[in-house]
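Nothing fancy with the numbering, it's 1 onward along the sequence.
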Amino acid sequence: MTMRQTQHALNIVEAFKAKLTEEQRTAVGAAHFDELSLLIESAMSTAVLEEMEKAADQVDELAHKLRHFAEHFDN
């Protein structure tokens with residue numbers, strides 16, 4: 001996890017906490033807010049990795065097309 005993603009997750013949790021009353025924040029507790037932050041980080045990582053995999057697939061497909069083009073360029 002990058003520090004940027006960690007900080008973004010913490011910012012999301014803080015924004016969520018700001019919408020709660022003090023009583024609600026106390027009832028949820030720090031441990032659960034920490035868990036929420038980890039869940040948010042995990043979701044961001046999953047989304048980033050899925051998009052990176054799609055991009056890698058596109059690069060691989062392009063490499064195959066370039067190789068095919070180069071092999072048949074003179075034909």
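- The two residues Q5 and M44 make their nearest non-hydrogen contact at O-CE, 3.1 Å.
- Crowding of F33 atom CZ: a count of heavy atoms from other residues, nucleotides or ligands under 6.0 Å exceeding 12.
- Residues forming a salt bridge (charged side-chain N to carboxylate O under 4.0 Å, His left out) with E23 (at least two apart in sequence, or on another chain): none.
- To the nearest 0.5 Å, the span separating CG on D57 from CG on L62 amounts to 12.5 Å.
- For the atom pair NZ of K19 and CD of Q24, the computed distance is 12.5 Å after rounding to the nearest 0.5 Å.
- Atoms CD and CD, from Q58 and E53 in turn, are 11.5 Å apart once rounded to the nearest 0.5 Å.
- Using a 4.0 Å cut-off between charged side-chain N and carboxylate O, K54 and E50 make no salt bridge.
- Once rounded to the nearest 0.5 Å, the distance linking CG of L38 with CG of L10 reads 9.0 Å.
- Contact record, A9 with S37: CB-O, 3.6 Å, taken as the closest heavy-atom pair.
- A search for ring pair (Phe, Tyr, Trp, His ring centres under 6.0 Å) contacts involving H68 returns H72, not counting sequence neighbours.
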- request: For the pair E35 and H32, evaluate side chain to side chain contact (heavy atoms under 4.5 Å, CB included) and give the outcome as yes or no after the intermediate values.
  value: CA-CA 5 Å; E35 187 176 340; H32 290 296; 4.0 Å; yes
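- With hydrogens and angles ignored, the 3.5 Å screen pairs a side-chain donor or acceptor of T46 with a backbone N or O of S42.
- Distance check, rounded to the nearest 0.5 Å: CD1 of I12 to CG of L39 gives 11.5 Å.
- Pairs engaging residues 6-15 under the salt bridge (charged side-chain N to carboxylate O under 4.0 Å, His left out) rule: E14-K17 [sequence neighbours left out].
- The distance from atom OG1 of T26 to atom CG of L20, rounded to the nearest 0.5 Å, is 10.0 Å.
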